[in-house]
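Model, not experiment: these values are computed from the prediction. Remember, it's 1-based here, ligands and their atoms both numbered in the order they're listed.
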Amino acid sequence: MTFPRVRMRRLRRNATFRRMMCEIALSPDDLIMPLFVRCGSGVRNEIPSMPGNYQLSPDTLVEEARAVEGAGVPAVILFGIPDEKDAVGSQAYAADGIICQAIEAVKQACPALCVITDVCLCEYTDHGHCGVIHVNRDGRRDVDNDATLELLVKEALAHAHAGADMVAPSDMMDGRVGAIRDALDAAGFSDVPIMAYSAKFASAFYGPFRDAAESPPQFGDRCSYQMDYANGREALREIALDIEEGADIVMVKPALPYLDIIRRAAERFDVPIAAYQVSGEFAAIKAAAANGWLDEKRAALETLTAIRRAGAKLILTYWAKEAGAWLR
Ligand code: PBG
């Protein structure tokens, strides 16, 4: 009888050893909480496909932001749902629009909380696309890249004027990071960082978000601007371009089906990597947990740790508030 000389289990024997050997310590500092805001007061509409997440009005948003901060989470990312949508997403950059009101309210109540804004037009356009529509060379309606850039620039500036600490363009237009960087610098906002949704895939996992933000595309899909989920090399090229254009943080989205992209990005680039654990990733685990098929807390923490292990420093997740409390 020979005994194994190397025994991996020796260092797993008790909780102290396991604590000492743990390679990834997930912290509330790593988390960013997405919040949805719409007009009104006292609004708290639960999003059916995202239990525990709400469409909030500025007053209830402030309460929620305080709770997020209280859980030790340093940042929120805000999504606006305007009352009026139009072809050019005017409410995305209106100085008195819902998103600017929300930024001001949260910054006033929680000055130390990092307020990030999603810079995109899909929540604000009546057609639900991430930019303005034209007819392309194939005779199809499509998003006009360069016309959209002008509006994204206006949107980022409006958010910065309202007090946003960071802007996060999520539209996937070419050149938007550079355009926004130049405009912010020219307007005196050179200290406002850009977190670019750099490798954003055309994903089935955004379904619940589109219910929450009331932003599904009214025709076609987003495949002419978001990435094909088969493509890893292209994702690295997108990330490299955004860094060249001045992105401070680059994001991979969704997270769990794209851990390989996160890993490759972390190995190749020295900027902080963020990953967005999107609505569908959240909803799938929530639904399984509601059926008693999974333990929600364990599954959530396992996925968040895996995303960190793959190489992301920051994670946008609908569990941020709860996970902050779990981790403290
Ligand atoms: C806006 C945007 C989307 C998400 C974040 N920003 C929706 C989309 O591209 O359709 C999705 C986030 C989620 O599913 O949690 N462009």
Is it the side chain, the backbone, both or neither of [X] that has a heavy atom closer than 4.0 Å to ligand 1?
{"X": "Asp118", "value": "side chain"}
{"X": "Ser279", "value": "both"}
{"X": "Cys120", "value": "side chain"}
{"X": "Tyr276", "value": "side chain"}

Whether Asp30 side chain and Ser27 backbone form a donor-acceptor pair below 3.5 Å: yes
N/O donor-acceptor pair under 3.5 Å between Glu46 side chain and Arg44 backbone: no
Aromatic ring pairing Tyr276/Phe79, orientation class (parallel under 30°, perpendicular over 60°, tilted between): tilted
Which ligand 1 atoms, with their elements, are less than 4.0 angstrom from a heavy-atom of [X]?
{"X": "Cys122", "answer": "1 (C), 16 (N)"}
{"X": "Lys253", "answer": "2 (C), 3 (C), 4 (C), 5 (C), 6 (N), 11 (C), 12 (C)"}
{"X": "Lys200", "answer": "1 (C), 2 (C), 3 (C), 6 (N), 8 (C), 9 (O), 16 (N)"}
{"X": "Phe79", "answer": "5 (C), 6 (N)"}
{"X": "Tyr318", "answer": "12 (C), 13 (C), 15 (O)"}
{"X": "Arg222", "answer": "8 (C), 9 (O), 10 (O)"}

Chi angles and distances behind the salt bridge (charged side-chain N to carboxylate O under 4.0 Å, His left out) call for Arg263, Glu267: CA-CA 6 Å; Arg263 162 56 47 196; Glu267 279 171 0; 3.4 Å; yes
Asp59 and Ser41 side chains, donor-acceptor separation under 3.5 Å: no
Gln277 versus Thr303, side-chain donor and acceptor atoms under 3.5 Å: yes
Same apolar cluster: Phe36 and Val43, side chain cutoff 4.5 Å: no
Nearest neighbour in protein (non-hydrogen) for atom 12 (C) of ligand 1: Phe209 CD1, 3.4 Å
Whether Gln277 lies under 4.0 Å from ligand 1, heavy atom: no
Minimum heavy-atom distance Arg38-Glu214, with the two atoms named: NH1-OE2, 3.1 Å
Glu238 side, atom CD; Ile261 side, atom CD1 - distance, nearest 0.5 Å: 11.5 Å
Nitrogen or oxygen atoms of Glu123 and ligand 1 under 3.5 Å apart: no
